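Here's the structure, in structure tokens; my notes come after.
Nothing here was measured: the structure is a model prediction, and the numbers come from that model.
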Amino acid sequence: MVYRGNLRKMSSQLGDTVQYSLTLGDDTFSVNDWIGKPIKLAFQGEINCRICGRKTKKSYGQGFCFIHFQKSPENSPCIIRPELCEGHLGKGRDLDWEQKHHVQPHVVYLALTSGIKVGVTRQDQVPTRWIDQGAWKAVQIAHVPYRRLAGEIEVSLKDHMSDKTNWRKMLSNQMNTELDLNEEIEKAQSLLPEEYKEYIVPRSEITEITYPVEAYPEKVKSLKFDKIPEITGTLQGIRGQYLILDEGRVINLRSHTSYLIEWSAG
């Protein structure tokens, strides 16, 4: 079977093991079903903007042409820095989009990837956001009515814990098992400035996540379609938005959003 289409991020479903699916063109298929099998991913030399579909020599952001990278609300500065969001003030690149995506309940969370990190996401993106980051444990620590507040809380904790994921350690399964997430929750909530304490979640259930990985590499080597247009190998697992191939090679599908590819047996 050959699947052909422009890449988007994999969809995921939390279960005993995360179930991943990918849509290429008109076809949606289970990526888990390919684990343990040889695959071939062939870049077709074409990138199409995820908004307008026009060809672009380079993918800006995650799958945009330059014009939509500059103008679309999906690329507003507050996507990366939620503390800058002004959607709740009736401002933004697209007011309807802001109401739908940013003037909505958000959560501040702690996640264990390789170490502890603090993050922000829209409430309806739990647990998808955690899975996309490759977290093996995560918990909500605060609920807020809009994005700006979540960003401000995150900023208040950045001096005490990271807001980044070490993807190399995550993909080689280097977990700090000595970290006690319950202790980290108490620490984070105690560090919050007084004006944010009303948003604290008194006690939220810790979510544990298991990924479909047969073998983790000791060292990882990142692959890019721009340098290697045809990638072949045995799929050994999936974590976050990464495919883990044999010989420690990994490819981040989300970073290749809008690339036109063919997926087939290797």
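Inspection of the Asn182 and Glu184 side chains reveals no N or O donor paired with an N or O acceptor under 3.5 Å. No side-chain donor from either of Asn252 and Gln241 sits under 3.5 Å from a side-chain acceptor of the other. Using a 3.5 Å distance cut-off with no hydrogens or angles, the side chains of Ser264 and Glu262 do not pair a donor with an acceptor. Using modelled atom types and a 3.5 Å distance limit, the side chains of Asp226 and Tyr259 yield a donor-acceptor pair. Tyr216 and Arg239 share a side-chain donor-acceptor pair at under 3.5 Å. Of the N and O atoms on the side chains of Glu154 and Tyr109, not one donor lies less than 3.5 Å from an acceptor on the other residue.
Closest non-hydrogen pair, Leu14 versus Pro127, comes out as CD2-CG, 3.9 Å. Heavy atoms only, all atoms of each residue included: Cys78 and Leu84 are closest at CB-C, 4.0 Å. Here the closest non-hydrogen pair linking Gly87 and Glu98 is CA-OE1, 3.6 Å. In terms of heavy-atom proximity, Ile238 sits nearest to Ile35 at CD1-CD1, 4.0 Å. In this structure, Gly36 and Glu214 approach most closely via the heavy-atom pair CA-OE1, 3.8 Å.
To the nearest 0.5 Å, atom CD1 of residue Ile47 and atom NE2 of residue His256 are 8.5 Å apart. Atoms SG and OH, on Cys65 and Tyr60 in that order, are 9.0 Å from each other to the nearest 0.5 Å. Once rounded to the nearest 0.5 Å, the distance linking CZ of Arg129 with CD of Gln123 reads 15.5 Å. The CG atom of Leu110 lies 8.0 Å from the CD atom of Gln189; values are rounded to the nearest 0.5 Å. Atom CD in Glu218 sits 9.0 Å away from atom OG in Ser172 (nearest 0.5 Å). To the nearest 0.5 Å, the span separating CG on Asp16 from OG1 on Thr210 amounts to 8.0 Å.
Residues His143 and Tyr199 place their aromatic rings such that the two centres sit no closer than 6.0 Å.
Contact check for Leu243 versus Val250: no side-chain heavy atoms found under the 4.5 Å cut-off. Between Tyr211 and Ile131, some side-chain heavy-atom pair lies under the 4.5 Å cut-off. Ile244 has its side chain within reach of Pro217: a pair of non-hydrogen atoms, C-beta onward, lies under 4.5 Å apart. Counting only heavy atoms from C-beta outward, the side chains of Val126 and Thr121 approach each other to under 4.5 Å. Between Ile79 and His102 the shortest side-chain heavy-atom distance falls below 4.5 Å. Between Arg50 and Thr257 there is a side-chain heavy-atom pair separated by less than 4.5 Å. Residues Leu24 and Arg4 have side chains not in contact (no heavy-atom distance under 4.5 Å, counting atoms from C-beta outward). The closest side-chain heavy-atom distance from Leu235 to Val31 is below 4.5 Å.
Within 6.0 Å of NZ on Lys55 lie no more than 12 heavy atoms contributed by other residues, nucleotides or ligands. Within a 6.0 Å sphere centred on CG of Leu191, other residues, nucleotides and ligands contribute more than 12 heavy atoms. Within a 6.0 Å sphere centred on NZ of Lys158, other residues, nucleotides and ligands contribute more than 12 heavy atoms. In the displayed structure, Gln13 atom CD is contacted under 6.0 Å by at most 12 heavy atoms of other residues, nucleotides or ligands.
Aromatic ring orientation, Phe29 versus Tyr3: parallel (interplanar angle below 30°, classes split at 30° and 60°). Between Trp34 and Trp263, the angle of the ring planes goes over 60°, which puts this pair in the perpendicular group of the 30/60° scheme.
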Practice task
Using the side chain to side chain donor-acceptor pair (under 3.5 Å) rule, take Gln104 and His101 through it: C-alpha gap first, then chi angles, then the decisive distance, then the call.
Solution key: CA-CA 6 Å; Gln104 295 292 332; His101 294 88; over 6 Å; no
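Residues passing the salt bridge (Lys or Arg N to Asp or Glu O under 4.0 Å) test with Glu83 are Arg81, sequence neighbours excluded.
A salt bridge is absent between Lys187 and Glu183; no separation between the charged side-chain nitrogens and carboxylate oxygens falls under 4.0 Å.
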